[in-house]
Participant: 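To start, I am sharing the structure in question, which I have written as structure tokens.
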Amino acid sequence: MIFSEQDLTALFVTLKLAGLSTIILLLIGTPIAWWLSRSRWRFKFFIEALVALPLVLPPTVLGFYLLLALGPNGPIGGLMDSLGWQPLAFTFTGLVIGSVFYSMPFVVQPLQNAFSNISNRSLEVAATLGASPLDRFFSVAVPMAKPGFITASVLGFAHTLGEFGVVLMIGGNIPGSTQVVSIAIYDHVEALQYSQAHWLSAGLLMLSFVMLLIVYGVNRRFSGAQK
Amino acid sequence: MIFSEQDLTALFVTLKLAGLSTIILLLIGTPIAWWLSRSRWRFKFFIEALVALPLVLPPTVLGFYLLLALGPNGPIGGLMDSLGWQPLAFTFTGLVIGSVFYSMPFVVQPLQNAFSNISNRSLEVAATLGASPLDRFFSVAVPMAKPGFITASVLGFAHTLGEFGVVLMIGGNIPGSTQVVSIAIYDHVEALQYSQAHWLSAGLLMLSFVMLLIVYGVNRRFSGAQK
Amino acid sequence: TDDIKVAVASNFSSAIKEIAREFEVNSDHRVVLSPGSSGRHYAQIINGAPFDVFFSADSERPQRLEEEGVAMAHSRFTYAVGKLVVWSPNSDKVDAKGKVLNSDDFGYLAIANPRLSPYGRAAKQVLQNLGIWESLQSQMVRGENIAQTFQFVSSGNAALGFVAYTQVVDANAIIKGSFWEPPQSLYQPIAQQAVLLKRSEAAQALIAFVKSQEGQNIIAKYGYK
Amino acid sequence: MSIQVRFDLQQSNFRLNIDLAIAGKGVTAIFGPSGCGKTTLLRAIAGLERIDNGYLSVGDQIWQDANQFLAPHKRSVGYVFQEPSLFDHLSVHRNIEYGLKRAQFKDDSGAIDQAIELLDIGHLGARMPNQLSGGEQQRVAIARALAAKPKLLLLDEPLAALDETLKAEILPYLESLHRDLDIPVLYVSHSRQEVARLADQLLLLDSGEVTAYGKVADLFSSVHLPLAHQSDAETIFEATVADYDAEFGLTTLDFPGGHFFAVAKPLAIGTKVRLQVLARDVSITLDHQQDTSILNIFPVTIDELLNKDDVQMTARLMAGSTPLLSKVTRKSAQALDLKKGDVVYAQVKTVALLT
Amino acid sequence: MSIQVRFDLQQSNFRLNIDLAIAGKGVTAIFGPSGCGKTTLLRAIAGLERIDNGYLSVGDQIWQDANQFLAPHKRSVGYVFQEPSLFDHLSVHRNIEYGLKRAQFKDDSGAIDQAIELLDIGHLGARMPNQLSGGEQQRVAIARALAAKPKLLLLDEPLAALDETLKAEILPYLESLHRDLDIPVLYVSHSRQEVARLADQLLLLDSGEVTAYGKVADLFSSVHLPLAHQSDAETIFEATVADYDAEFGLTTLDFPGGHFFAVAKPLAIGTKVRLQVLARDVSITLDHQQDTSILNIFPVTIDELLNKDDVQMTARLMAGSTPLLSKVTRKSAQALDLKKGDVVYAQVKTVALLT
Ligand SMILES: Nc1ncnc2c1ncn2[C@@H]1O[C@H](COP(=O)(O)OP(=O)(O)OP(=O)(O)O)[C@@H](O)[C@H]1O
Ligand SMILES: Nc1ncnc2c1ncn2[C@@H]1O[C@H](COP(=O)(O)OP(=O)(O)OP(=O)(O)O)[C@@H](O)[C@H]1O
Ligand SMILES: [Mg+2]
Ligand SMILES: [Mg+2]
């Protein structure tokens, strides 16, 4: 067996984290992107800049600030504490929140672009055919923005897989709960266990490549049938 | 003075790195994205998956492998050595190469989506008006894909600003040459000099926010004039 | 059975793995290791990370934790003392006297960042005492920690580096490449200290095991003093 | 029931300013030069163009007033846009289904199947829009708009991209549709033929203002409107089927000024129909001529001579109470010495039955 | 010079199969039902549809054969697409400039300014395409195609979205254009009026096959083609300006079978023109009638009677060597006892000068 039990656990945690984060990213990012693409508010560009901002901080530093915020003395942690809730730092839930926060720009931006490219005409046609705004969104905007959703999901998922700094900071690298593959590889490298690092990296690459192939391949066949 | 001279040097190196990387990313990413958006090759999805792949590895791990590759025994380092070229590790050039490699998916994917949304009709019209493929590309495809270019540049630039792991691994943290702001902040955090870390983070955030505001604001005004 | 959550400096993670294995043989507790940088562990601990014991790469951070009342009072102790070597994977690069440092036929010299790592600080002291700290500035590359410094050298990108003795010695005490061990007089001892963060029986048992002869033997085997 | 429209919109150089009650029955043709605001008007009625301070009611439903603005999807309109606007991501079949599914009330009468057959798009069901020709796209768009079973049809040049044979098939269908379903239709067209054929009312727009609104018959023969002066001026009036001669396939049609023979399908005696007579098809003679292939000849009084100085004059003739326009050259008018009040014979070569 | 076309394309249910030499001068109208392949043909000629094993030469240039395929941008064509296809990211002015800049040879004759004025789009220069009405977009597209100074014009229903007044202004302009610049034009249209007016040759397409190709005049009066049987059958023939009566504004036109009076602008004596006579405008009398407003009456011989069993028959009359089609009801034919070989009088109410 090339992979230790701990590595496999980390892999499992990673997939769970990436999958869950991607779903949440899409759920939160889609309405934001839709609003950004359709709004004519003068100060929209302010929000656009804000969405891209988490990108510019190194992940470890971002993680550090998230840690401060989530910690018992931080605003979020304090609030949760006073409500009698469990603190989020060093829990899987905390990781999901951190990943969502950090990967948001990668999901919002492709979606916003895809939505911007949908002509008003198509939405108007749908309206005259009796489709409510929500119906229009799901029956016209979403299918037309499909390439945007694929890009958003791939970037969001892959980025969470490779995500590292934030998770390291607010997760605490606790095996079985917050230790993800990227950290496990990093640990192997740090501990000079290069061959384990190689195997784990190769495994992660293979797995990701196969997943990406499936996503793009299925998409290709689907679009191909249309043309 | 809140910032040390070294911090300011790091800031300067960072901006130079991010700026240069973004330009190179756009120069390399644009033809790739264009090809991906127009090709009807059956196995295109293979390339698409490959482009997204660097994302899934943690940056530090990626940096580690880059370091191995750049070393005298690695494929790249060996090749350069036999050509009599200077090794790339611990040089600014090496950093640029690493950043370009790592940020490529963030540039190619939005561009590809933007290009895919350009109707064949527009290109056909341009052709009948006597525009050569290259002319069509610059006079029709590029202006129509403007939002994609903005997203690609913002993601590429911001991601290089926040880039960390790869730089950490192959940069060697040489002040004035390979020490960038993200590492400086990280060092402050690690060295428990939290207030310096706060100031530097805040400075980076402000600077980035202003830059993003300018990008999105100018874009808004420009698009606004069209509508 | 309690899990003992241990935050441990990356450079000590191999050694503590073996210690934990031995410890678990005679105990029904389980040791859960979280290796990483000590600066990060410190930040996490003061923000409520659920660690029971902290094995730091230095003495400063445990001391601060103790002063701030986060760690158990009087639990701090030195579990290992690191040895610094100048190393090259090239078997005839480093001479037994370390004269190579005075020559100028090497490219980069890798050291750990003196601000972050006790090994880096020690390396700086050695170079200062040799009077070549300033003159070598332009050839110096800094790793964030001692592991990264080792990678710079082992990958061949840096010709020489100040690394930990533990990194270059294997289980059979054979050293690949060439090295020079600077005399102790040139740098302050690299004391790696640990503190207890929670007053748990299990954690105290682990610490007792580390302090025991059996534990110390394992540590010595990994190249610490 | 009627459609009350009041809109005032300023848009850079263009101002749409309309305050009108449009008949809530039959087809209202909207006619006017390019850029006069036809599309804008339809869009405002569909709720796609939001014009503040406007007012719009259809029948007893208020769609827009000072207090409310009914969202487009709550207005039961079928809109065929000027450019074919199919959903690119859906097949032909699913495009049509899109409207069908969202229809406010279902019907299983197979009306939509009939529409598909008539529009000759049945074989295209599985295709994507980018695999259709221009005319095919337009036909699918018509079917889709009908599928939603609207209460009001807005058609923006729906037949412009179609050939005459297809037009000739679709026009009667659209006609029958508005008669059978009794939904009002606003129909933008540039073709007088189509308008004459299909429309009950005519709305003339110019530079965003209504220049005339009324019955097609009245407007087409009104000498005060440019319509009567154009080279394809025409008269439209009502008549009743009086007889059908099976041998020669000719229908006799009575109208207040006499009767016409027309080539038409057999119709029940007593059926009311509309007749279209082009001014250029009406010639004037002083005597009732014999031995001519022209079947329709009857006495008329010259009511008015228009454009007296033009090479081509327009004569407004009265056949009893029915006006008829006729084009004559000034030379002929002078040769025959035509004057207001003269009784002459009108020869009508062709008469078209519109409904 | 001619345009040699040989294409064979199978596309799901549709097959385009053409092997033809199209005249390299004048306007060739392409006429056929929706979905018959008109657009596909134009696209193939422009090089946008790549059909393997095809052959295409324009004049002495080979654009496509077994060995080469000239890229679309190297073919000097001006293409007005069926849907308005402006560049959305460029203003009207810059859309036109786009073609102008890339023209293979410059001219400073101000021809493009003239086009802009005629198309009435001068005031739209600064607007973006989404701020234009449908007809305005189409007009800008025409100006843009002309700006590139093409050697071959491909027009896919360019006037479909325009009102008659505008059409009436643009048509003569397009006419003059192909005469002045001497560039061949392929013109897709659904309107017989436009075709009759504009075209020299006619290409009839059906289901991807050429059903007829030839001079408009020949095809319109050819009794073997469906064109002659439709309700708007017509005859087209050449005539020479013989006289102009300034007083009445009437032009006398000589043709092999007699002469016509027509309403037209003054033309130099001797000018060759084309006349269009609709079959429905021609009536038959046994005697030469007097006191009628109809100016054009002359003796003809009945050459053939078609569709004898229909309610409406078509008579092919010979005025000297010139054929004329006439629509008569069977009733009239019987009443007048028309037979092949009879000499009768043709009354022509209206004659249109085409060029
Ligand atoms: N991509 C495609 N795949 C399959 N069939 C196609 C495709 N594109 C066009 N067709 C079919 O080819 C035929 C010819 O299309 P074309 O656009 O040339 O017609 P057209 O004569 O221009 O018609 P219209 O007058 O309606 O514009 C049509 O029957 C159409 O359905
Ligand atoms: N967004 C806009 N901004 C400014 N002017 C506009 C805008 N949209 C349309 N217009 C102008 O409004 C006028 C009316 O346009 P509309 O589309 O209603 O014309 P139309 O009667 O449908 O013409 P067509 O027959 O050419 O389709 C036109 O002059 C057009 O230029
Ligand atoms: Mg319009
Ligand atoms: Mg077509």
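In what follows, chains are A, B, ... by sequence order, proteins preceding strands, each numbered from 1.
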Participant: State, yes or no, whether a side-chain contact exists between D/His190 and E/Leu159 at a heavy-atom distance under 4.5 Å.
Facilitator: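 Not touching, per the 4.5 Å side-chain cut-off.
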
Participant: What part of E/Val344 gets closer than 4.5 Å to chain D, counting heavy atoms only: side chain, backbone, both or neither?
Facilitator: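 Contact with chain D involves no heavy atom of E/Val344 at all.
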
Participant: If we only count heavy atoms from C-beta on, is the D/Gln131 to E/Ser12 side-chain gap below 4.5 Å?
Facilitator: no

Participant: Heavy-atom distance under 4.5 Å to chain E: side chain of D/Thr40, backbone, both or neither?
Facilitator: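 The answer is neither part of D/Thr40.
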
Participant: Out of curiosity, E/Leu132 CG to D/Thr39 OG1, how far, rounded to the nearest 0.5 Å?
Facilitator: 12.0 Å

Participant: What part of E/Ser283 lies closer than 4.5 angstrom to a heavy atom of chain D: side chain, backbone, both or neither?
Facilitator: both

Participant: The criterion is ring pair (Phe, Tyr, Trp, His ring centres under 6.0 Å); which residues satisfy it with D/Phe260, sequence neighbours excluded?
Facilitator: D/Phe237, D/Phe255, D/Phe298

Participant: Report which part of E/Asp156 has an atom under 4.5 Å of a heavy atom belonging to chain D: side chain, backbone, both, or neither.
Facilitator: neither

Participant: What part of D/Tyr345 is in contact with chain E, defined as an atom under 4.5 angstrom from a non-hydrogen atom: side chain, backbone, both or neither?
Facilitator: neither

Participant: Heavy-atom cut-off 4.5 Å, strictly under: side chain, backbone, both or neither for D/Gln289 against chain E?
Facilitator: both

Participant: Would you find a donor on one side and an acceptor on the other, under 3.5 Å apart, between the side chain of E/Thr285 and the backbone of D/Thr292?
Facilitator: no

Participant: Against chain E, label D/Gln290 side chain, backbone, both or neither, depending on which of its atoms sit under 4.5 Å from a heavy atom there.
Facilitator: backbone

Participant: Evaluate the side-chain proximity of D/Gln137 to E/Gln82: yes if any heavy-atom separation is below 4.5 Å, no if none is.
Facilitator: no

Participant: Below 4.5 Å from any heavy atom of chain E, which atoms of D/Leu336 appear? Answer side chain, backbone, both or neither.
Facilitator: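 Contact with chain E involves the side chain of D/Leu336 alone.
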
